[in-house]
Amino acid sequence: MGSTSNGIDDKVAEAVMAGRYMEMEHEGEEKTIKSKLSGLLWHGGSAYDAWFSCASNQVAQVLLTLPYSFSQLGMLSGILFQLFYGLMGSWTAYLISILYVEYRTRKGREKVDFRNHVIQWFEVLDGLLGKHWRNVGLAFNCTFLLFGSVIQLIACASNIYYINDKLDKRTWTYIFGACCATTVFIPSFHNYRIWSFLGLVMTTYTAWYLTAASLLHGQVEGVQHSGPTKLVLYFTGSTNILYTFGGHAVTVEIMHAMWKPQKFKAIYLLATLYVLTLTLPSAASVYWAFGDALLNHSNAFSLLPQTPFRDAAVVLMLIHQFITFGFACTPLYFVWEKLIGLHDCRSMCKRAAARLPVVIPIWFLAIIFPFFGPINSAVGSLLNAVERPPRFVGGWVGAYLLNMFVVGWVLVVGFGLGGWASMTNFVHQINTFGLFAKCYQCPPPPPGTLPIPNPSTPTPFPGGSAVHNSTNPAIVVSPSPAPS
């Protein structure tokens, strides 16, 4: 009888929670054509909206780096790691959903009003586990989201360069940093309804373009598939896949945007299954066509010939990266607003102005470290926290063992071996290209030429003479005469 009563109470609390949330969304709203159109495009809170948000946010720029991971892992390991981490990520998202609903239900019984407040993961940890876990969760999530935003800016510059190379990648980073700063005007995840839908359409096109273009191109002459060859490359590739499916830094915010968050439990798994239909064929096809050449090309676009279809894919990914930047940065905006006491402010202009300081360090880091492939791996290995299982499954031996396995795997393989491999690769990139690299992994100039900033003032080249060529503003290197 007691258990039945508790179950009824929980359902009542969840219904009250959902009802209040819907009242919050539609309070004082007139049923005009404008409001209906706004609701259709702008105000999302259904299970479908959550599915689009999860799927769109999950695949993102990593779609272009997974072939690079396959060249490090080999075909079989690449496929198995995607399936394994996809299931592991879905299980973790399920646990998060249970904890969130428990926290929201408790606060609902306490008559806590969330009309102007977005619940975040560190607050769930604070309410259920205490301040220590809150601080740990806050540090992990903020760092994960910070570098997730950095990756999107770097990826924008990397992609646009394949359409327009008149500007170097660093300059493009300046431009797209300014463009992405406009996300400060998007209030919350409710307002990503149309963007999430379009984002998934864009990544779907890009994934199938990569698959079709690679198969039609065929294997390059002398293609080799030698991976895996080194442990450092193997674990770097595996942690990039962990980053794809193991990032849950925005899961709670997506749930909070739902009218009925208790429906989220299976949404992440369904989103992951769809994402796998995009990532597996595209990564396998590109690796099949180009093999070990991908080891020096972390962006799959760099190996495919320029066609209108590739240009369309690049443009669509640029738009999608803007959306993903907003996904990664919006929770950071919330944290910053809460810190300075403006989270409950109803003026969006004031909140937008207050959010701008969050964008500046992201912009700066994207310019310092212009290599998003190694950053993907580093973030995936070091910044994926595994959540504690909910209390009511503590006696369930299967769930306990499964959670212990997840914790052990991430600590040993992800954090330990993956962290060592990713940081080794990251340091190698810095040593090779330096900080503030102007054009990371850009094609070298033609043999015998060295591009210069000002064609009218050629710079001498050691061991040769500098000759200005009026038709090609570059330094033509002439060998010095041999001593007599």
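Every value quoted in this text rests on a predicted model; they were computed, and no experiment measured them.
In this structure, Thr244 contributes its side chain and Asn240 its backbone to a donor-acceptor pair below 3.5 Å. Judged by distance alone, the side chain of Arg134 and the main-chain N or O of Phe122 form no donor-acceptor pair under 3.5 Å. The backbone N or O of Leu304 sits less than 3.5 Å from a side-chain atom of Arg310, completing a donor-acceptor pair. Side chain of Gln72 to backbone of Phe235: no donor-acceptor contact under 3.5 angstrom is found. Proximity of a side-chain donor or acceptor of Gln120 to a complementary backbone N or O of Pro331 within less than 3.5 Å is detected. Proximity of a side-chain donor or acceptor of His320 to a complementary backbone N or O of Met202 within less than 3.5 Å is not detected. A donor-acceptor contact shorter than 3.5 Å is absent between the side chain of Asn164 and the backbone of Tyr161.
Here the side chains of Pro228 and Leu233 are not in contact, with every heavy-atom distance at 4.5 Å or above. The closest side-chain heavy-atom distance from Trp91 to Leu269 is not below 4.5 Å. A 4.5 Å side-chain heavy-atom check between Ile254 and Cys54 finds at least one atom pair inside the cut-off. With a 4.5 Å cut-off on side-chain heavy atoms, Phe70 and Met75 count as touching. Counting only heavy atoms from C-beta outward, the side chains of Ile119 and Glu253 never approach each other to under 4.5 Å. Side-chain contact check for Leu210 versus Ser285: every heavy-atom pair is 4.5 Å or farther apart. Two residues are said to be in side-chain contact when any heavy atoms from C-beta on lie closer than 4.5 Å; Gln321 and Phe176 fail this criterion. Side-chain atoms of Leu99 and Trp121, non-hydrogen and from C-beta on, do get closer than 4.5 Å to each other.
The two residues Thr183 and Gly326 make their nearest non-hydrogen contact at CG2-CA, 3.9 Å. Minimum heavy-atom separation, Gln152 to Phe325: CG-N, 3.9 Å. Shown here for Lys265 and Ser97, the closest heavy-atom pair between the two residues is CG-OG, 3.5 Å. Nearest heavy atoms, Thr330 versus Ser188: CG2-CA, 4.4 Å. Between Gly291 and His225, the shortest heavy-atom distance links the atoms CA-CD2, 3.7 Å. Between Val359 and Ala181, the shortest heavy-atom contact is CG1-CB, 4.0 Å.
Note that CZ of Phe322 is 9.5 Å distant from SG of Cys156, once rounded to the nearest 0.5 Å. The OG atom of Ser56 sits 9.0 Å away from atom CG of Leu198, with the distance rounded to the nearest 0.5 Å. Note that CD1 of Ile163 and CG of Leu318 are 6.5 Å apart. Values are rounded to the nearest 0.5 Å. A distance of 10.0 Å separates OG of Ser149 from CZ of Phe144, quoted to the nearest 0.5 Å. Distance check: Tyr68 OH to Leu294 CG gives 10.0 Å after rounding to the nearest 0.5 Å. Here the CE-CG distance, from Met317 to Asn159, works out to 6.5 Å after rounding to the nearest 0.5 Å.
Ring-plane geometry between Phe84 and Phe81 is classed as perpendicular, the angle between the planes exceeding 60 degrees on a 0 to 90 degree scale with a lower cut at 30. Note: Phe52 and Phe197 have perpendicular aromatic rings, judged against thresholds of 30 and 60 degrees for the angle between ring planes.
Summarising the local packing, CH2 of Trp336 is surrounded by 12 or fewer heavy atoms from other residues, nucleotides or ligands at distances under 6.0 Å. Annotation: Gln306, atom CD; neighbour count of heavy atoms from other residues, nucleotides and ligands within 6.0 Å is above 12.
Partners of Tyr287 by side chain to side chain donor-acceptor pair (under 3.5 Å), not counting sequence neighbours: none found.
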Working note: Leu167 + Ile175, criterion side chain to side chain contact (heavy atoms under 4.5 Å, CB included); need CA distance, chi angles, decisive distance, verdict.
CA-CA 10 Å; Leu167 298 177; Ile175 295 171; 3.9 Å; yes
Please report the C-alpha distance between Leu66 and Ser282 in whole Å, then the side-chain angles of each, then the deciding distance to 0.1 Å, and finally whether the side chain to side chain contact (heavy atoms under 4.5 Å, CB included) criterion is met.
CA-CA 8 Å; Leu66 285 174; Ser282 60; 5.9 Å; no
Residue pair Cys329, Leu145: steps toward the side chain to side chain contact (heavy atoms under 4.5 Å, CB included) verdict:
CA-CA 7 Å; Cys329 224; Leu145 292 166; over 6 Å; no
Would you please test Asn299 and Thr65 for side chain to side chain donor-acceptor pair (under 3.5 Å) and show each step?
CA-CA 5 Å; Asn299 190 324; Thr65 64; over 6 Å; no
Going through the distances and angles, do Ile154 and Thr173 end up as a side chain to side chain contact (heavy atoms under 4.5 Å, CB included)?
CA-CA 6 Å; Ile154 299 170; Thr173 304; 5.7 Å; no
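Pairs of residues two or more places apart, or lying in two chains, that qualify as side chain to side chain donor-acceptor pair (under 3.5 Å) and include a residue from residues 196-218 are Ser53-Ser196, Thr204-Tyr274.
With hydrogens and angles left out, the side-chain atoms of Asp292 and Ser71 include no donor and acceptor closer than 3.5 Å. Using a 3.5 Å distance cut-off with no hydrogens or angles, the side chains of Thr279 and Gln82 do pair a donor with an acceptor.
Side-chain rings of Tyr94 and Tyr268 stay apart, their centers remaining 6.0 Å or farther from each other. Between Phe327 and Phe189, the ring center distance clears the sub-6.0 Å criterion.
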